[in-house]
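Written below as structure tokens is the structure these notes are about.
Proteins get letters first, then strands, A, B, ... in listed order; numbering begins at 1 in each.
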There are 2 protein chains.
Amino acid sequence: MATTIYDIARELDVSHSTVSRALRDNPTVASATRRRIKEQALKMRYKPNLLARGLVNGKTQMIGFLTGSIYLEMVSAAAMVASNALRKAGYDMQITATEGRFKPTQHCANDLVARGVDGLIVRGVFPNITAEQMQEHFQFPAPTVFTSAVQLPFPCRQVCHDEAAGVTEIMEHLYGLGHRHIYMLSGLWEGWKKYPVFQGFYKNTAKYNLGNAREKIHKAPESFFDENGRRIYDTEVLTVWIKKFLQSHPDCTAIFCTSPKIALMLLSILPRLGVRVPEDISVVSSGDITGASCSHPQLSVVSLPLGKMMRTAVELLLDGIENDDNKPAKVIMPTKFIIRQSTEKVRSKARIKLKN
Amino acid sequence: MATTIYDIARELDVSHSTVSRALRDNPTVASATRRRIKEQALKMRYKPNLLARGLVNGKTQMIGFLTGSIYLEMVSAAAMVASNALRKAGYDMQITATEGRFKPTQHCANDLVARGVDGLIVRGVFPNITAEQMQEHFQFPAPTVFTSAVQLPFPCRQVCHDEAAGVTEIMEHLYGLGHRHIYMLSGLWEGWKKYPVFQGFYKNTAKYNLGNAREKIHKAPESFFDENGRRIYDTEVLTVWIKKFLQSHPDCTAIFCTSPKIALMLLSILPRLGVRVPEDISVVSSGDITGASCSHPQLSVVSLPLGKMMRTAVELLLDGIENDDNKPAKVIMPTKFIIRQSTEKVRSKARIKLKN
DNA sequence: TTGTACGCGTTATCAG
DNA sequence: CTGATAACGCGTACAA
């Protein structure tokens, strides 16, 4: 059994409440006894039971970080930032990854709350969870901040990045390079048609008169989890897919991927099909993972202000906790377009031709 | 305030203990009342207070996952596997990332225990924490399983992968391709000289008579965290570093990286220095991150059995929890060498020459 | 079948 | 300055 304040009290022949006070530097207890108690506590390796403390205080100094997956580089990076920022403010953060499905997500969220977290950071939107479901089921008694690429269509505290603006930059860039046949390769799940990427794509396709946006958006093959817990896009499958795609869309001169991972794979697959990047086709992506700067060619991307977002989220959260409210607030952060080498002037040939 | 069993009891004019029993399907309570109570609980959106439950039960159904960083792809993947395995067994898992330094790590570990976790998975060894410190400070009252590349030099439950064997495979492979000047580029911190990678490298360098191993091992430039929480190896710095290295070691025909990320960067830097991979220099790494299969050329790697390791760790942990013991156990898992395209027959020229 | 009373380890309020 | 005593919400002997 772990030692409790009672053990210390008994040993020193004082009451447990004196021990409790002494341990938290309450000045009402004589400095002499205070010292004695602290020494004894140290000697007995006393560690306060945080469950008990949380129960009586109604506060746990613990923040929950809820996310569908911790596997994505950008998610884990975000978690680190949030964790460090919170630690500075005296809070611990516990990450809970839920696989993105509704049931586990809700379960974990409830658990977090039931475990008495003082606040909640909900990262991302979840596959197969609609906005309506989020609104209905993601109302927690503890202050909550949502962070994602999506402006949630209900009042809540949230900080998101302006992905649509990023898309605008991309389209502007590509258009300036002469591209008129720009396709979007989406790895995103259904049910969130309102994704700003889509909106941005629609808007700009219209603005530059690039044809029917709906026909330009294509869904990438599903990814899956391998036995090592890694989310994998099967290379073979993607190869077949992109081959078919280019055969039926030979006018394509630029591909905009919503996932940098898919973009990176494209960079490696296309040359094998006899398609050069960027000479034949330009590739660009949303999301700046580190691999993007050592790919061949280096990938042009929309960089997301993850660090700022998470620090802001933490600020919002702490504010909510201090003032014991949960009043809606929306912060939208600008993205930054990083031009590297995967985007170039449009090719002269109208149609692309694959090897053999 | 959240609703408690007392609230339900009052509403239904029964005692709170009846409610407590009913809610956990205790057959001693009349099925009629049981239904009434459950309905009422649902209606009042009752959620059990897990702090209180944990306090009285001495069990929380919660496992802590302690790691220096969650940022590495392999760590987050491992976390997902463990989390899912634990969930199946009825446990929740909370991840705590500590930045790898001693103080926060110890703090977080104590916190986890103080919060009443039923068990602990400690992933990796920690920068700047020696084996002695680990032995002294990582003795927790709750069952603990360590997972890492290192066999901890003290009795504990642990599952590690046999990295040395992986190195052996690499060296065998390279030697077979004619390489006699194999260098190791290590991204690992000091203080853990006992890393099996080193041992494996020493052993095989001796075995194949490849010269003084100590002179073959070189430390890569330090990485740092950028504002977005990503661990970055600065490309410029690494470029300068590798340039200098090759100038002073022109005999080098193969580089073995302990970090796949560095290897990937090398793949992109070397060509810019006029060095072709694998024609001029072979590159190989320990750790199979997904980017390794879409690099140019694809990277030969030692693949770690992360999934199996984590599932085994979970098994060990659950065993420890069930039997309420913490008796030492050591599981060592074999790695798998994946030959891709970054390793080839040794070049004919004795010395490498950089562009300009 | 149900209710009473107590304990889990803290903190907080009151007397003294 | 210190010590009873009462919460916090839940589980559970024990009694009814």
Does a nitrogen or oxygen in the side chain of [X] sit under 4.0 Å from OP1 or OP2 of [N]?
X     : N      : answer
A:Y6  : D:dG3  : no
B:S15 : C:dG3  : yes
A:S20 : C:dT10 : no
B:T33 : C:dT2  : yes
A:R53 : C:dG9  : no

Under 3.5 Å donor-acceptor, [X] side chain and [Y] backbone:
X      : Y      : value
B:T144 : B:F140 : no
B:D319 : B:E315 : no
A:R115 : B:T60  : yes

[X] [atom1] - [N] [atom2] separation (whole Å):
X     : N      : atom1 : atom2 : result
A:H16 : C:dT13 : NE2   : P     : 14 Å
A:L55 : C:dG7  : CG    : P     : 17 Å
A:Q61 : C:dT11 : CD    : C1'   : 14 Å
B:D13 : C:dT1  : CG    : C1'   : 16 Å
B:N49 : C:dC8  : CG    : C1'   : 13 Å
A:D7  : C:dG7  : CG    : C1'   : 15 Å
B:L51 : D:dC10 : CG    : P     : 10 Å
B:K47 : D:dC10 : NZ    : P     : 12 Å

With a 4.0 Å cut-off on heavy atoms, is [X] in touch with a base, just the backbone sugar-phosphate, or nothing at all?
X     : result
A:K59 : nothing
A:V29 : sugar-phosphate
B:T4  : sugar-phosphate

Point to revise | SB check A:R36 A:D13 (cutoff 4.0 Å) | key: no
Review point. In terms of side-chain geometry, is the basic nitrogen of A:K38 or A:D25 positioned less than 4.0 Å from the acidic oxygen of its partner?
Key: yes
Exercise for review: Go through D:dC10, C:dT10, D:dG11 for me and flag the one nearest to the B:I5 side chain.
Suggested key: D:dC10
**Study point:** Polar side-chain contact B:S17-C:dT4 base: donor and acceptor under 3.5 Å
**Key:** yes
Review point. How do B:A52 and A:R21 order along DNA chain C: which one's closest nucleotide is nearer the 5' end?
Key: B:A52
